[in-house]
Each structure stands twice: as structure tokens, then as C-alpha cells.
Amino acid sequence: MRDSVRRNMPLFPMGIVTKLTELTPRQIRYYEEQGLIKPARTKGNQRLFSFNDVDRLLEIKALMEKGVNIAGVKEVLSRPKAPLSEPVQPLAESESRRDLSEEELHRLLKRQLNELPVRPGQQHLIQGELSRFFH
DNA sequence: CTTCTGACA
DNA sequence: TGTCAGGA
């Protein structure tokens with residue numbers, strides 16, 4: 001249970017995360033407002049997302065692409081220790097939480113990094129930022 | 001140049 | 001959600 005420290009380590013700034021998740025900064029900031037994620041901040045108030053934050057964001061994205069609204073995402077993606085009282089079955093079918101293993105997550109991120117179009121001028125920033133994760 | 005907050009023609 | 005302003 002020592003990986004949690006690394007997965008919760010504040011590492012990537014907004015730019016990296018938007019490319020990784022394919023979400024807009026607006027959306028990411030909004031999700032934070034909704035309490036879905038709590039990225040750390042630098043001394044300059046810049047957000048620093050952890051591996052877990054990105055994971056979380058990907059789940060949120062997946063959920064919303066399925067037509068789940070913020071309220072729904074909040075319920076489904078219930079906090080680290082939120083006691084799920086009773087009414088937590090708004091979805092009409094069997095979509096249970098998807099526990100991504102670290103390998104799956106790494107593979108997913110690698111795939112996305114390769115699919116992302118490379119802009120002329122600021123290409124492989126991501127590779128450098130994430131290299132430490134791909135042992 | 002990148003990101004941040006607040007606001008809405 | 002997009003986008004612009006004004007600042008850091």
C-alpha cells in the first residue's frame with residue numbers, strides 16, 4: 001500500500017491533464033468546483049494533479065459520455081468514504097464501478113499519449129512528465 | 001507562454 | 001460549456 005503515495009503525488013499541470021483526459025480546462029475546473037477532484041496547488045496557485053486525479057477525471061469523462069450528469073457522477077463516483085445510505089441506483093442498468101488496475105491505467109495513458117496530435121512547437125512535454133511512471 | 005478566477009454579450 | 005478579461 002505504498003503506491004498510494006506516488007499516485008497521490010501532485011505532478012501534472014492543467015495542460016498535461018487536458019491532453020491526457022481530452023477534457024477542457026473549463027470542464028476540469030468545474031468538476032473541481034463540484035468536489036469531484038481536489039488537485040493540489042503550487043505556491044503560485046497553479047493546479048497540480050496527481051495520478052489519482054487523472055484516473056478520477058477519466059472516470060468522470062467516461063460516465064458523462066454515457067449521459068450521466070454531474071449529480072449522477074457524484075453519486076456513482078461517491079467519495080473516498082461517503083456512506084452510501086440507500087438511494088444510489090439511478091442508473092437503469094448494471095454499470096458497476098470500474099476498478100482500473102495500475103497496469104490498465106498505464107496502458108490507457110500510453111495509448112492516449114500516442115493518439116494525441118502533436119502540435120508543432122510543444123510536442124513531447126508529456127513524455128517527459130510521465131516517463132517516471134512507465135518503469 | 002501557461003494557468004487562474006470571475007462573469008456572461 | 002465556451003470564451004473573454006485582467007492578473008499572476
Side-chain angles (χ1 to χ4, degrees):
Chain A
M1 190 216 255
R2 211 159 270 76
D3 280 345
S4 63
V5 57
R6 283 195 303 176
R7 292 184 313 184
N8 288 307
M9 192 176 290
L11 296 169
F12 3 71
M14 191 56 103
I16 302 297
V17 178
T18 58
K19 293 183 178 65
L20 242 34
T21 64
E22 220 68 270
L23 290 169
T24 65
R26 179 76 167 85
Q27 293 176 297
I28 296 173
R29 291 174 187 132
Y30 178 63
Y31 299 153
E32 178 181 11
E33 285 187 333
Q34 299 309 299
L36 269 37
I37 54 173
K38 354 265 183 238
R41 300 288 183 134
T42 64
K43 290 181 180 181
N45 198 40
Q46 301 287 107
R47 264 168 271 250
L48 280 187
F49 301 81
S50 67
F51 197 87
N52 275 168
D53 290 326
V54 176
D55 183 357
R56 194 112 176 143
L57 252 11
L58 290 174
E59 293 186 75
I60 295 171
K61 184 194 175 193
L63 253 35
M64 293 199 59
E65 290 181 327
K66 280 194 167 188
V68 182
N69 56 43
I70 299 298
V73 175
K74 285 183 182 177
E75 297 173 53
V76 178
L77 219 95
S78 56
R79 357 281 167 144
K81 288 176 184 163
L84 309 173
S85 306
E86 0 74 38
V88 191
Q89 259 71 317
L91 297 181
E93 37 92 26
S94 60
E95 268 316 303
S96 55
R97 192 75 340 60
R98 198 156 297 167
D99 279 26
L100 297 175
S101 68
E102 277 207 49
E103 261 197 56
E104 292 179 306
L105 191 49
H106 286 199
R107 184 176 57 64
L108 175 62
L109 290 176
K110 283 183 182 178
R111 180 178 64 64
Q112 290 191 22
L113 286 172
N114 289 321
E115 289 180 354
L116 296 178
V118 177
R119 265 82 169 246
Q122 51 165 11
Q123 36 280 92
H124 35 305
L125 304 169
I126 307 175
Q127 311 262 355
E129 292 294 336
L130 296 177
S131 61
R132 74 195 75 175
F133 283 113
F134 306 141
H135 311 307

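Residue numbers start from 1 in every chain, and the chains themselves are labelled A, B, ... in the order their sequence lines are given, proteins ahead of strands. Please read these numbers as outputs of a predicted model, since none were measured by experiment.
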Give the B/S/- string for nucleotides 2-8 of chain C, one per nucleotide from 5' to 3', where a protein heavy atom under 4.0 Å of the base yields B, of only the sugar-phosphate yields S, and otherwise -. BB-----
Starting at the 5' end of DNA chain B, write a dot or bracket for each base, bracketing those in Watson-Crick or G-U wobble pairs whose two distances are under 3.5 Å and using | for partners on another strand. .|.|||||.
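- A close approach under 4.0 Å does occur between a side-chain nitrogen or oxygen of A:Arg29 and OP1 or OP2 of B:dC4.
- Smallest separation of non-hydrogen atoms from A:Tyr31 and A:Met64: OH-SD, 3.4 Å.
- Atom CD1 in A:Ile70 sits 5.5 Å away from atom CD in A:Gln34 (nearest 0.5 Å).
- Put simply, NZ on A:Lys19 is 12 Å from C1' on B:dT3, counting in whole angstrom units.
- With a 4.5 Å cut-off on side-chain heavy atoms, A:Gln46 and A:Arg41 do not count as touching.
- One distance of note links CZ of A:Arg6 with CG of A:Asn52; it measures 12.0 Å at 0.5 Å rounding.
- What separates CG of A:Asn45 from C1' of B:dT5 is a distance of 9 Å, to the nearest Å.
- Tested against A:Ile28 for a side chain to side chain contact (heavy atoms under 4.5 Å, CB included), the candidates A:Asp53, A:Thr21, A:Leu36 yield a single pass: A:Thr21.
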Stepwise side-chain contact (heavy atoms from CB on, under 4.5 Å) test for A:Met14 and A:Arg29: CA-CA 9 Å; A:Met14 191 56 103; A:Arg29 291 174 187 132; 3.6 Å; yes
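- Following rounding to the nearest Å, A:Phe49 (CZ) and B:dT3 (P) show an atom-to-atom distance of 9 Å.
- Here the options are A:Ile37, A:Leu57, A:Leu48, A:Leu23, the test is side chain to side chain contact (heavy atoms under 4.5 Å, CB included), and the partner is A:Val17; only A:Leu57 passes.
- A:Ile28 places its CD1 atom 13 Å from the P atom of B:dT5, with the value rounded to the nearest Å.
- Between A:Phe51 and A:Phe12 the shortest heavy-atom distance is N-CE1, 3.8 Å.
- As a whole-Å value, the separation of A:Tyr30 OH from B:dT3 P is 22 Å.
- Between A:Ile16 atom CD1 and B:dC1 atom C1' there is a gap of 14 Å when expressed in whole angstrom units.
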